[in-house]
Amino acid sequence: MTKLILTTSFIAGGFFAYSKIYKTQWEQLTRTAFKLDPITFQTTEPTRRTIVRKKVFSGNLMPHKETKLEAHVTGVVDKLFVRIGDYVPQGAVIARIKIQPNLNEVEAAASKLRLATIDRNQARTKYLRSKQLFSKKMLAKEAYETALAAWEQTKEKVAAAQKRLEIIQRGYTTAKGVAANMIKAPIKGTILSLPAKEGSMVQAVSDKASGTTVALIGDMSHFLFSAQVSELDVIHLTKEMTFTASLNALNDEKLQVTLTKIAPKANEEAFQKGEIKFDIEGIIHKPKKSKITLRAGYVALAEVILEQVNDVLAVPESMIQIKGATYCVKCLHEGKVVEKEVVLGLSDGLYVEVKEGLTESDQLIVEA
């Protein structure tokens, strides 16, 4: 029995030794015959980087103030005094509306003018009589002043009736200080658009409907960043926080933005389309020495930094392998492939911070 065991062991050992020698010789013969290079690995080392986790969303540049000028009288645009792109000061005349005359209104206005004229003439006669009596000290001062005030009031009524009739008949009046049909700029700014052209009909603003927009004015001295962000992004935003915004039209230009408005309710139009979007706005701080020209409507890409770590050891995220609940990286150590367990930190999607497990001298295997 003992001989049998020894004989079996000897045979198995000899077979194993023969297999190893044969395998080694066969690999050497194969490499020699086919001229194969020895197995090599492409390696790299961990690097120190600044890793930033950020949110990116797009928006548009809007004027700090934007005002619609609506018609207050119904009629036809008789003349436009500005062009798109013109700068206008506050109070500048933008357009003149010619009111379409109505025969009934013309007759009523003419009748009021005739009655006002009769009252004025009567008041004038009374005033002149009172003045003469007062100069002879035959009339009290109070009575004289009453006659004078009545005459002044009737003159104003006649002037107002004349202006009213002129507006109804001609569509506008040239009288000083009268601008019922003149559309003026309520703010200083630049003419952004002129929806109503000369000769087009306009509708007056009323309690039931808005009037026809004649012009759109924007204050281009300051701009706002306006955007709609999802519910996943809005949770990271707070008022007064600052972030950068780069312009699509000017790739190298970055602007600082201070967030001033976060809507407490989702946008109604977006909600009806099945989207949850919140309106946000921020003031754009243009560098004083910057020579760029900002325009309303420019597309801007905002970058909000959520987390940032500086000068940390990092590796490409593609090198990380998951082993159950742990993470590891393949390294080359003394010509052998070994797996090192690592503790990870912040990631930006391309590189990930390695808190423990690696040193700057480790050789990481780059897999094709």
Side-chain angles (χ1 to χ4, degrees), residues 57-100 167 171-172 179-229 245-250 253 255 257 260-261 263 267-270 272-273 275 277-286 290-302:
F57 48 86
S58 63
N60 297 93
L61 266 59
M62 303 297 292
H64 179 61
K65 292 181 180 179
E66 193 172 281
T67 304
K68 286 183 179 180
L69 301 187
E70 297 180 340
H72 291 278
V73 292
T74 300
V76 177
V77 179
D78 182 54
K79 185 173 181 60
L80 291 172
F81 298 96
V82 295
R83 293 180 295 180
I84 295 176
D86 287 352
Y87 174 83
V88 293
Q90 184 177 1
V93 178
I94 305 300
R96 182 176 64 205
I97 307 299
K98 183 177 181 180
I99 303 172
Q100 296 299 306
I167 289 175
Y172 56 90
N181 65 319
M182 306 295 280
I183 298 179
K184 296 183 178 181
I187 63 171
K188 64 179 182 179
T190 303
I191 303 297
L192 302 180
S193 65
L194 293 169
K197 309 302 179 184
E198 289 187 1
S200 61
M201 289 289 298
V202 292
Q203 185 69 34
V205 62
S206 65
D207 296 335
K208 298 180 179 179
S210 58
T212 304
T213 300
V214 177
L216 186 65
I217 298 180
D219 183 359
M220 306 289 279
S221 59
H222 297 87
F223 279 87
L224 295 176
F225 172 81
S226 177
Q228 289 186 345
V229 298
S246 56
L247 302 178
N248 280 4
L250 304 166
E253 193 70 29
L255 304 173
V257 181
T260 57
K261 171 189 171 183
N267 183 276
E268 195 68 31
E269 293 182 4
Q272 292 177 358
K273 297 178 182 179
E275 300 178 349
K277 297 287 187 178
F278 293 85
D279 296 319
I280 65 169
E281 284 183 0
I283 297 177
I284 292 178
H285 304 286
K286 181 182 175 182
S290 177
K291 297 182 180 180
I292 64 171
T293 301
L294 299 181
R295 301 181 186 276
Y298 270 171
V299 176
L301 197 65

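The residues of the chain are indexed from 1 along the displayed sequence. Any value given below was found using the heavy atoms of this structure, including those in side chains, with hydrogens, waters and symmetry copies removed.
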Is there a side-chain contact (heavy atoms from CB on, under 4.5 Å) between Ile284 and Leu224? Walk through the geometry before answering.
CA-CA 6 Å; Ile284 292 178; Leu224 295 176; 6.0 Å; no
Could you tell me whether the side chain of Leu216 reaches within less than 4.5 Å of the side chain of Ile191, counting heavy atoms only?
no
For atom NE2 of His285, decide whether the heavy atoms of other residues, nucleotides or ligands shown that lie under 6.0 angstrom number more than 12.
yes
Let me confirm one number: the NZ-CD distance from Lys277 to Gln228, rounded to the nearest 0.5 Å.
7.0 Å
Please report the shortest heavy-atom distance between Ala300 and Leu61, naming the atom on each side.
CB-CD1, 3.7 Å
How long is the span from the CE atom in Met220 to the NZ atom in Lys188, to the nearest 0.5 Å?
14.0 Å
What closest approach, in Å, do Leu194 and Ala215 show between heavy atoms, and which atom pair accounts for it?
CD2-CB, 3.6 Å
List the atom of Gly218, the atom of Pro63, and the distance in Å for their closest heavy-atom pair.
CA-CB, 4.1 Å
NZ of Lys261 to CZ of Phe225: how many Å apart, nearest 0.5 Å?
13.5 Å
Under a 3.5 Å distance rule, please check whether Glu198 uses its side chain to pair with a backbone N or O of Leu80 as donor and acceptor.
yes
Does a side-chain heavy-atom distance below 4.5 Å link Leu69 with Ile217?
yes
Are His72 and Val205 packed together at the side-chain level, in the sense that at least one heavy-atom pair is separated by less than 4.5 angstrom?
yes
Could you walk me through whether Ile283 and Val257 pass the side-chain contact (heavy atoms from CB on, under 4.5 Å) test, one step at a time?
CA-CA 6 Å; Ile283 297 177; Val257 181; over 6 Å; no
Does Asn60 form a side-chain contact (heavy atoms from CB on, under 4.5 Å) with Val299? I'd like the steps, not just the answer.
CA-CA 5 Å; Asn60 297 93; Val299 176; 3.8 Å; yes
Determine whether more than 12 heavy atoms belonging to other residues, nucleotides or ligands lie under 6.0 Å from atom NZ of Lys197.
yes
From Gln272 CD over to Asn267 CG, what is the distance, rounded to the nearest 0.5 angstrom?
9.0 Å
Less than 4.5 Å apart, any side-chain heavy atom of Ser226 and any of Ile280?
no
Is the closest side-chain heavy-atom distance between Val88 and Val82 below 4.5 Å?
yes
Do Glu70 and Ser210 make a side-chain contact, defined as non-hydrogen atoms from C-beta onward lying under 4.5 Å apart?
yes
Heavy-atom nearest pair, Ala185 first then Ile94, reads N-CG1, 3.9 Å
Donor-acceptor pair, Thr190 side chain versus Gly85 backbone, under 3.5 Å?
no
Hey, are the side chains of Asp279 and Val229 touching, using non-hydrogen atoms and a 4.5 Å cut-off?
no
Check: Thr74 side chain, Ala204 main-chain N or O, donor-acceptor pair, under 3.5 Å
yes
Distance in Å, Asp78 CG paired with Met182 CE, rounded so as to fall on 0.5 Å steps
9.0 Å
Pro186 backbone acceptor or donor facing Gln90 side chain under 3.5 Å:
yes
Side chains of Ile97 and Val76: does their closest heavy-atom pair fall under 4.5 Å?
no
Please name all residues satisfying salt bridge (charged side-chain N to carboxylate O under 4.0 Å, His left out) with Glu269, sequence neighbours left out, ordered by chain then number.
none
CD of Glu66 to CD1 of Ile187, rounded to nearest 0.5 Å, is 9.0 Å
Please assess Lys286 against Ile292 for the test side-chain contact (heavy atoms from CB on, under 4.5 Å), listing each intermediate value before the final yes or no.
CA-CA 9 Å; Lys286 181 182 175 182; Ile292 64 171; 3.9 Å; yes
